[in-house]
Amino acid sequence: MNVAFVVAATLTGIAVGVVFASLRIPIPAPPSLAGVMGIVGIWVGYRLVKHFGFGFDLLDALGV
């Protein structure tokens, strides 16, 4: 993991949040901790599948 990318992404997210709040428009993200944790859970599940190497290619199975 590149720490510079994480810091840049965090700072960009803060800047976007400031812009959205300043313009009084809803943020394009879950407005609660439960929603954010749901997104984190999706990411963790994805990483677990990649780490343990299980799963299958759905598009290949469908012939696409």
Side-chain angles (χ1 to χ4, degrees):
M1 173 173 41
N2 188 333
V3 176
F5 286 144
V6 174
V7 171
T10 302
L11 294 175
T12 301
I14 291 170
V16 170
V18 167
V19 169
F20 274 67
S22 297
L23 297 175
R24 297 179 189 214
I25 56 178
I27 59 172
S32 67
L33 181 58
V36 173
M37 292 311 295
I39 292 171
V40 170
I42 292 169
W43 179 80
V44 168
Y46 181 85
R47 297 304 300 166
L48 286 171
V49 168
K50 289 293 190 179
H51 177 74
F52 291 112
F54 59 88
F56 66 96
D57 188 342
L58 180 60
L59 294 178
D60 188 44
L62 294 174
V64 177

Donor-acceptor pairs under 3.5 Å, side chain of residues 7-35 to any protein atom, not counting sequence neighbours: which ones?
unit_1: T10; atom_1: OG1; unit_2: V6; atom_2: O; d: 2.8
unit_1: T12; atom_1: OG1; unit_2: A8; atom_2: O; d: 2.7
unit_1: S22; atom_1: OG; unit_2: V18; atom_2: O; d: 2.8
unit_1: S32; atom_1: OG; unit_2: G35; atom_2: N; d: 3.4

Please tabulate, one pair per line, all N/O donor-acceptor pairs under 3.5 Å involving side-chain atoms of residues 54-61, not counting sequence neighbours.
unit_1: D57; atom_1: OD1; unit_2: L59; atom_2: N; d: 3.2
unit_1: D57; atom_1: OD1; unit_2: D60; atom_2: N; d: 3.2

Solution key, residues 42-50 side-chain donor-acceptor pairs under 3.5 Å, sequence neighbours excluded:
none

